[in-house]
Engineer: 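One structure, pasted below without further comment.
Numbered from 1 within each chain, the chains take letters A, B, ... in sequence-line order.
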2 protein chains.
Amino acid sequence: MRLLLGSGGFRTDQRRALYVERMQRHFGDIERVLFIPWALHDHDRYVSVMGEKGLDAGYVLEGIHRFDDPISAVERCEGIYIGGGNTFRLTDQLHRSGVMDLIRSRVADGLPYMGVSAGTNVACPTMQTTNDMPIIMPPSFDAIGLVPFQINAHYYDGQIYVKSGDDYVEHFGETRDDRIREFHEMNEHPVVGLWEGGFLEVEDQDVRLVGSDARLFLRGESARDVTEADGLSMLMTSSS
Amino acid sequence: MRLLLGSGGFRTDQRRALYVERMQRHFGDIERVLFIPWALHDHDRYVSVMGEKGLDAGYVLEGIHRFDDPISAVERCEGIYIGGGNTFRLTDQLHRSGVMDLIRSRVADGLPYMGVSAGTNVACPTMQTTNDMPIIMPPSFDAIGLVPFQINAHYYDGQIYVKSGDDYVEHFGETRDDRIREFHEMNEHPVVGLWEGGFLEVEDQDVRLVGSDARLFLRGESARDVTEADGLSMLMTSSS
C-alpha cells in the first residue's frame with residue numbers, strides 16, 4: 001500500500017516544489033492519474049486550475065466526472081488522487097457513487113493513492129476530523145479507511161488572529177486542539193494534526209512525516225509534537 | 001417571540017458588560033433560567049463556569065441535565081438559554097431528548113430564548129452553518145428553526161493568521177466567506193455572518209444587530225456588510 005496524504009496550503013514556492021517532487025516520486029512514470037474533484041462544485045474548473053497552478057506535476061489528471069461509469073474508471077486507473085474542498089460534499093459523493101469499497105481494495109492491492117486536505121480526510125476511518133462546514137449530510141461519516149488513524153489537515157496550534165487594518169485581532173473560537181479534544185470525548189481513533197505544507201507518506205506499515213511538523217493526539221494522553229525525524233509507524237498498528 | 005442570539009467570544013470586559021446588560025434586559029425580573037449545556041461534555045462544570053465568569057448575569061441557571069424529565073423542565077421554565085460548545089453534539093442531544101418541538105412552540109408563545117454560539121446555530125432552520133468538528137452524527141442537521149435564516153457565529157473576514165513566536169503566519173485554509181459560498185452552492189437560506197461580541201435581537205418580526213457588525217450572504221448575490229444602524233427585518237420574511 002502506498003499513500004501520499006497532504007495537509008493542503010501548498011501556496012508558497014517552497015511548498016509547491018516539495019509537492020511536485022513528492023507527487024512525482026509517488027506516481028512514478030505513469031502518464032494518467034484519475035482525479036476525483038467531488039469536494040468542489042465545479043469539477044471541470046477544478047481540473048483546469050490544477051493544471052494552471054502546476055499542481056498536476058506533469059501528469060494528465062483525468063476527472064472522474066468525465067467518465068460514464070465511475071466504478072470502471074477506478075477499476076482501470078493506474079493512480080488515484082482525491083483533491084480538497086468540502087469534505088461533507090466529497091464524502092456524500094463517495095458514498096453515493098459506490099466507489100468507496102473499490103478504492104479501498106485497489107489501494108490495498110498497490111494502487112498509489114494521493115489525497116490533499118479533504119482527500120486526506122477521507123483516507124481515514126471517518127471524515128470526522130474535517131474542518132469543513134456541513135453543507136450536506138452524507139449517508140454516513142464513514143470514509144475510505146486506508147489508515148487506522150485520523151488526520152486533521154490544515155492543523156495549527158493556538159488561537160487564530162484576524163487582520164483588521166494593520167492590526168491582528170485575536171479570535172476567540174475554539175482552537176484546533178479544543179476541537180480535537182472534543183473529538184476524543186466521543187471517539188477513540190488517534191489524530192495526527194498535520195501542519196499546512198506537510199505530508200504523511202505511508203508505505204505498507206511505514207509512516208513518514210515530510211515537509212512539516214505534526215502534533216499527535218492520543219485519547220487520554222497529552223498531545224505531543226513530532227518532527228520528520230520521528231517514526232510514526234506505531235499509528236498503523238493502532239487497535240482503537 | 002423574543003430571541004437574543006449571541007455570536008460568542010464574550011471575552012473582553014466591554015463585551016461581557018454588553019452581554020450582561022442585554023441578557024438582563026432580555027430575561028427581565030424572572031429568577032431562574034433553564035440552561036442547556038449539552039454542547040459541552042461536562043454539564044455540571046459548564047454551569048459552574050458560567051457563574052464564575054459572571055455569564056449568568058445574576059440569574060440562577062438551572063442545568064437541564066439535573067432534571068429527571070427534560071420535557072417537563074422545558075414546559076415549566078420561564079426563560080431558556082442554550083450555551084455554546086460543539087453544535088453536532090448539541091443537535092444530537094436536542095433530537096434524542098425530544099425537546100425540540102416543545103422549545104419551538106413555547107418560544108412562539110413568548111418564552112424568551114437566548115443562545116450563544118452553538119445555541120445560536122440551533123435557533124436556525126439547520127445547524128449547517130456551524131464551524132464545529134463533526135464529532136458525532138446527529139439524526140438530522142435540522143435545528144429548532146426559530147428564525148427562517150442561518151447565522152454563522154464567530155464570523156470573521158478574510159484569511160486567518162497563526163502566531164509563530166512574534167510573527168503572524170498566514171493560514172491557507174478556506175476563509176469563512178469561502179465556506180458560506182459553498183453552503184450556498186447546496187442550500188438556499190440567507191446567512192448572517194455575526195462577528196464575535198455581537199447579538200441579533202429578535203422581537204416578533206423585528207431583527208436588530210447589537211454590539212458588532214455583520215455580513216449578509218444571500219444566495220446568488222454579493223455579500224454585503226451591515227451595521228447596528230441597518231434594519232434586518234427583511235430576513236424574517238425570507239421565503240427561501
Engineer: With chain A as the partner chain, list the residues of residues 87-96 of chain B whose heavy atoms fall under 4.5 Å from it, by residue number, and write 'none' if nothing qualifies.
Structural biologist: B:Phe88, B:Arg89

Engineer: Under the ring pair (Phe, Tyr, Trp, His ring centres under 6.0 Å) test, which residues partner A:Phe172, sequence neighbours left out?
Structural biologist: none

Engineer: Tabulate below the donor-acceptor pairs under 3.5 Å that side-chain atoms of residues 149-156 of chain A make, not counting sequence neighbours, or state none.
Structural biologist:
residue, atom, partner, partner atom, Å
A:Gln150, OE1, A:Thr126, N, 2.9
A:Gln150, OE1, A:Thr126, OG1, 3.4
A:Gln150, NE2, A:Thr126, O, 2.9
A:Gln150, NE2, A:Thr129, OG1, 2.8
A:Asn152, OD1, A:Arg176, NH1, 2.8
A:Asn152, ND2, A:Thr129, O, 2.9
A:Asn152, ND2, A:Asn131, OD1, 2.8
A:His154, ND1, A:Glu196, OE2, 2.7
A:His154, NE2, A:Ser7, O, 3.4
A:His154, NE2, A:Ser117, OG, 2.9
A:Tyr155, OH, A:Asp177, OD1, 2.5
A:Tyr155, OH, A:Arg215, NH1, 3.2

Engineer: First locate atom NE2 of A:His171, then atom CZ of B:Arg11, and finally report the distance between them rounded to the nearest 0.5 Å.
Structural biologist: 9.5 Å

Engineer: Between atom CZ of B:Phe183 and atom CG of A:Asp132, what is the distance when rounded to the nearest 0.5 Å?
Structural biologist: 14.5 Å

Engineer: Less than 4.5 Å apart, side chain to side chain, heavy atoms only: is that true for B:Met137 and A:Met137?
Structural biologist: yes

Engineer: Is it the side chain or the backbone of B:Arg15 that comes within 4.5 Å of chain A heavy atoms, both, or neither?
Structural biologist: side chain

Engineer: Residue by residue, which of residues 216-226 of chain B have a heavy atom closer than 4.5 Å to a heavy atom belonging to chain A?
Structural biologist: none

Engineer: Between A:Ser164 and chain B, which part of the residue has a heavy atom less than 4.5 Å away: side chain, backbone, both or neither?
Structural biologist: neither

Engineer: Any donor-acceptor pair under 3.5 Å linking the side chain of B:Asn187 with the backbone of A:Ile135?
Structural biologist: yes

Engineer: Hey, could you give me the CZ/CG distance between B:Arg179 and A:Asn86, rounded to the nearest 0.5 Å?
Structural biologist: 8.5 Å

Engineer: For chain B, which of A:Glu170, A:His184, A:Glu182 has the most heavy-atom pairs under 4.5 Å?
Structural biologist: A:Glu182

Engineer: In the structure I gave you, are the side-chain heavy atoms of A:Met133 and B:Thr130 within less than 4.5 Å of one another anywhere?
Structural biologist: no

Engineer: If every non-hydrogen atom of A:Ile136 is compared with every non-hydrogen atom of B:Gln128, which pair is closest and at what distance?
Structural biologist: N-NE2, 3.6 Å

Engineer: Please flag which part of B:Glu174 lies under 4.5 Å from any non-hydrogen atom of chain A: side chain, backbone, both or neither.
Structural biologist: side chain

